[in-house]
There are 2 protein chains.
Amino acid sequence: MKKVLLRDVAEKAGVSIAMVSYVLNGQKTDRINKDTAQRIRDAVEELNYRPNFLAQSLKLKKTFSLGFIAADIANTFSSQLARIISDEADRAGYALIIGSSDESKPRFERLIDQLLNRQVDGLILAAPDGSEELIKALQTRKIPLVLIDRYFPELPVSSVRVNNYQASFDAMTHFISEGRKKIGILVFDTGLHHLNERMRGAQDGITQSKAAAYITHLINENQIEQEVPAAIQSMLKQDVDALYFTSNKLGIVGMRYLMNQQIPVPVKMSALFFDETEVFDFYPNPLPFIRQPLKEMGKKAVELVFQQMNEAASAAESVVLETTLVQSHIDQ
Amino acid sequence: MKKVLLRDVAEKAGVSIAMVSYVLNGQKTDRINKDTAQRIRDAVEELNYRPNFLAQSLKLKKTFSLGFIAADIANTFSSQLARIISDEADRAGYALIIGSSDESKPRFERLIDQLLNRQVDGLILAAPDGSEELIKALQTRKIPLVLIDRYFPELPVSSVRVNNYQASFDAMTHFISEGRKKIGILVFDTGLHHLNERMRGAQDGITQSKAAAYITHLINENQIEQEVPAAIQSMLKQDVDALYFTSNKLGIVGMRYLMNQQIPVPVKMSALFFDETEVFDFYPNPLPFIRQPLKEMGKKAVELVFQQMNEAASAAESVVLETTLVQSHIDQ
DNA sequence: TTGAGTTGTTTAAACGTTTAAACAATTAGA
DNA sequence: TCTAATTGTTTAAACGTTTAAACAACTCAA
């Protein structure tokens, strides 16, 4: 029942451990005697030998593991992404260690520290507000990393994200073409660039149409349960006839309020969401939303981080993916 | 910018690497000269030395990591549990590697294999149907492990779970006291003991009351989208006035069908769920459900696995936690 | 028949730690 | 004064791999 080592296999096959290692790793295959190789493979099989990952990692300076720090793993967006990234990493023989910054910079910093201590080979990060300097520092340390969802416009670092500005712009255009006159935009009061882009895109889209007006409400992330209802209330008084929720968290709180107040959507007030949530399943009327291509995002992120890992001096590459405006969650 | 090693610290402090190691690990503290120790600590600080986890792990035969295999990480139940376990492990300085068996036994087996290859120190497992032998094999290999949610009644292995039978029994009693006459029980057609206990508990509860009847429908896990609606349809014809969904997945599909068919809950048909989901948020009427104490479950699981890890011959310990019947998701 | 090349295999160092054991210098006990 | 104990530190082996380099035994051309 003891752990079987290279040494045991070598002994059984009557060779040195080097030979076993060579055969297992498919090296020097031209040199090694065919019979010996077979004998070794048989011994490996028979003893059910499994190389010790730690020893390998130590020697090869490669742990075959990636780190992913989500923004908030309790949020469906993050957990779905985690799932996809995990599967994708797995496919390449890499394990994924997942952390959640909960949008806290110190926590983010601590998690990075831990992941690096554990010598992960690469990082996929949903960087919180204010972490720009930290990312920059990681880059000068040549740590392979890719930002996902979040990004910093001035920082030359690989990232995967969606067309936040354009998606919001187009969504508003469409909203207006349906006859909306006054649109309320709800967005977190944050330095996070991607969220501000969603706001800007929406504002510009509305402005450009010349057929509608908008009111923007900045929501404090920690006061969301209070401020979203307050914002909606105030907008109702100003005859807002459509709401744009720039994140799923805002959307969920907002919809809950609208339901409690028995304000029918989209009859009296229409609503559009960035991101979908399974919560929509339980709403009887169509709820349009902007869908991010999660699968592609995850895949691409893994691809980019591998690229960083393999090519020492690989240039930063930013991938911007397209969203889709889904008219109704009901018929998908 | 190069990685700083024990050797570098030793050099800087003018001592051998052994001394540095001793100081860092707080060993031989009675022997070591106070000044030397301080000199070493200063050097560590100055060089910002971080021990290499791999080397440590290899030497100590301890990776300070746990493996958690969820049933289906896309399911809120699993992901919340993962979150809690991760936090709890983290608190103890352990990393968590998460996998999802998706209820597939081969996949479960493969994941275990991978985790063991990576030398995780302990396992927390939501074991899929049919994995009993595998668990038994792990136990004879003395792998520290704890089952969570799922368990095998005849297998003496540490586990954390809830009172599935009693919770279902009591819930039915309560249902009947509210006047339900004919209750439809929906449960997966599975060998999973905890789900069958939910069914048995409900059936026994109803039988014992003598004031109501029941119909049980076994649902094939892979046909859930077809079979749940069919089951509900057939039950409607038989004047069923209440539904008991023994898992959140069944509940979500069932509610979606009821909504599509415009069957008002709980007016025409009442419903009770095992597990809560955020989906309920978007339903205007009260939906009662049985709540599992996720936090306690996760904490206890980590506690038990640590116990297994620390005490070589620690006996299997089963922890059965209490659920709560929540009357309405609306006022929690 | 010698030296060079080829084939097949082993030796040994390295990865970065931990820690038992050895060692040296000082102090204490008789 | 000599031995024993104490204090402070170093040496070296070990954890389980990978891999460059060395080695041994042939083959072959000149």
Side-chain angles (χ1 to χ4, degrees), chain A residues 1-44 47-65 93 116-121, chain B residues 1-44 47-65 93 116-121:
Chain A
M1 212 43 78
K2 278 211 68 185
K3 207 112 204 21
V4 24
L5 308 180
L6 218 43
R7 187 184 337 124
D8 303 314
V9 178
E11 202 166 318
K12 174 145 207 140
V15 293
S16 70
I17 62 167
M19 285 295 280
V20 182
S21 178
Y22 284 135
V23 168
L24 251 42
N25 298 310
Q27 261 163 51
K28 300 213 181 184
T29 35
D30 45 340
R31 288 283 209 99
I32 294 170
N33 182 296
K34 280 221 148 207
D35 292 347
T36 317
Q38 194 50 53
R39 200 146 33 87
I40 291 171
R41 271 190 290 269
D42 289 349
V44 165
L47 297 175
N48 189 29
Y49 166 78
R50 298 310 176 92
N52 181 320
F53 234 91
L54 291 173
Q56 269 181 330
S57 297
L58 179 60
K59 182 69 214 191
L60 299 176
K61 291 169 173 295
K62 227 173 160 325
T63 55
F64 301 97
S65 56
L116 293 181
N117 260 333
R118 286 181 178 274
Q119 331 277 135
V120 294
D121 298 331
Chain B
M1 209 43 77
K2 277 210 67 186
K3 207 112 206 16
V4 24
L5 308 180
L6 218 43
R7 189 186 331 126
D8 303 315
V9 178
E11 201 165 317
K12 174 145 208 142
V15 294
S16 69
I17 64 167
M19 286 294 279
V20 183
S21 177
Y22 284 135
V23 169
L24 250 43
N25 298 309
Q27 261 162 50
K28 298 213 181 180
T29 35
D30 44 340
R31 288 281 210 100
I32 293 168
N33 183 297
K34 282 220 150 208
D35 293 347
T36 317
Q38 194 52 54
R39 201 148 29 88
I40 291 171
R41 272 190 289 268
D42 289 347
V44 166
L47 298 175
N48 189 30
Y49 166 78
R50 297 310 175 93
N52 180 319
F53 234 91
L54 291 173
Q56 268 182 329
S57 297
L58 180 60
K59 181 70 212 187
L60 298 176
K61 292 171 173 294
K62 229 175 158 323
T63 55
F64 301 98
S65 56
L116 292 182
N117 261 331
R118 287 182 177 273
Q119 331 279 132
V120 295
D121 298 331

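Chain letters run A, B, ... following the sequence lines, proteins first and then strands; every chain starts at 1. As the structure is a prediction and not an experimental result, all values here were calculated from the model.
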Look up atom [atom1] in [X] and atom [atom2] in [Y], then write down how far apart they are to the nearest 0.5 Å.
X: B:R7; Y: B:I17; atom1: CZ; atom2: CD1; answer: 8.0 Å
X: A:L24; Y: A:Y49; atom1: CG; atom2: OH; answer: 6.0 Å
X: A:T63; Y: A:Q56; atom1: OG1; atom2: CD; answer: 11.5 Å
X: B:Q27; Y: B:S21; atom1: CD; atom2: OG; answer: 7.0 Å
X: A:K3; Y: A:N52; atom1: NZ; atom2: CG; answer: 7.0 Å
X: A:L54; Y: B:K59; atom1: CG; atom2: NZ; answer: 13.5 Å

> Does the pair A:V20 and A:V23 meet the rule for a side chain to side chain contact (heavy atoms under 4.5 Å, CB included), with working shown?
Replying inline: CA-CA 5 Å; A:V20 182; A:V23 168; 5.9 Å; no
From [atom1] of [X] over to [atom2] of [N], roughly how many Å is that when rounded to an integer?
X: B:K3; N: C:dA14; atom1: NZ; atom2: P; value: 21 Å
X: B:D30; N: D:dA5; atom1: CG; atom2: P; value: 18 Å
X: B:I32; N: D:dT6; atom1: CD1; atom2: C1'; value: 15 Å
X: B:N117; N: D:dG16; atom1: CG; atom2: C1'; value: 13 Å
X: A:D35; N: C:dG8; atom1: CG; atom2: C1'; value: 12 Å
X: A:R39; N: C:dG8; atom1: CZ; atom2: P; value: 13 Å
X: A:N25; N: D:dT17; atom1: CG; atom2: C1'; value: 9 Å
X: A:R7; N: C:dT10; atom1: CZ; atom2: P; value: 16 Å

> A:N33 side chain N/O closer than 4.0 Å to the phosphate oxygens (OP1, OP2) of C:dT7?
Replying inline: no
> For D:dT9, does either OP1 or OP2 sit under 4.0 Å from a side-chain N or O belonging to B:T36?
Replying inline: yes
> Can you list, by residue number, the residues of residues 9-22 of chain A that have a non-hydrogen atom closer than 4.0 angstrom to DNA chain C?
Replying inline: A:V15, A:S16, A:A18, A:M19, A:Y22
> Among residues 52-63 of chain B, which contact DNA chain C at a heavy-atom distance under 4.0 Å?
Replying inline: B:N52, B:A55, B:Q56, B:K59, B:L60
Write down the atom of [X], the atom of [Y], and the distance for their closest heavy-atom approach.
X: A:R118; Y: B:S65; result: NH1-CB, 4.0 Å
X: B:L5; Y: B:D8; result: N-OD2, 2.6 Å
X: B:L47; Y: B:V4; result: O-CG1, 3.5 Å

> DNA chain D: A:L5 or A:Q27, which has the more 5' nearest nucleotide?
Replying inline: A:L5
>> Walk along nucleotides 23-28 of chain C from 5' to 3' and tag each nucleotide B, S or - by protein heavy-atom contact under 4.0 Å, base first, then sugar-phosphate.
In response: ------
> Can you name the residues that form a side chain to side chain contact (heavy atoms under 4.5 Å, CB included) with A:D42, not counting sequence neighbours?
Replying inline: A:Q38
> Taking five pairs at each end of the helix from C:dT1-D:dA30 to C:dA30-D:dT1, what angle separates the two helix axes (nearest 10°)?
Replying inline: 70°
List the atom pairs, donor and acceptor, that lie under 3.5 Å between side-chain atoms in residues 29-36 of chain B and the rest of the protein, sequence neighbours left out.
{"unit_1": "B:N33", "atom_1": "OD1", "unit_2": "B:D35", "atom_2": "N", "d": "2.7"}
{"unit_1": "B:N33", "atom_1": "OD1", "unit_2": "B:T36", "atom_2": "N", "d": "3.3"}

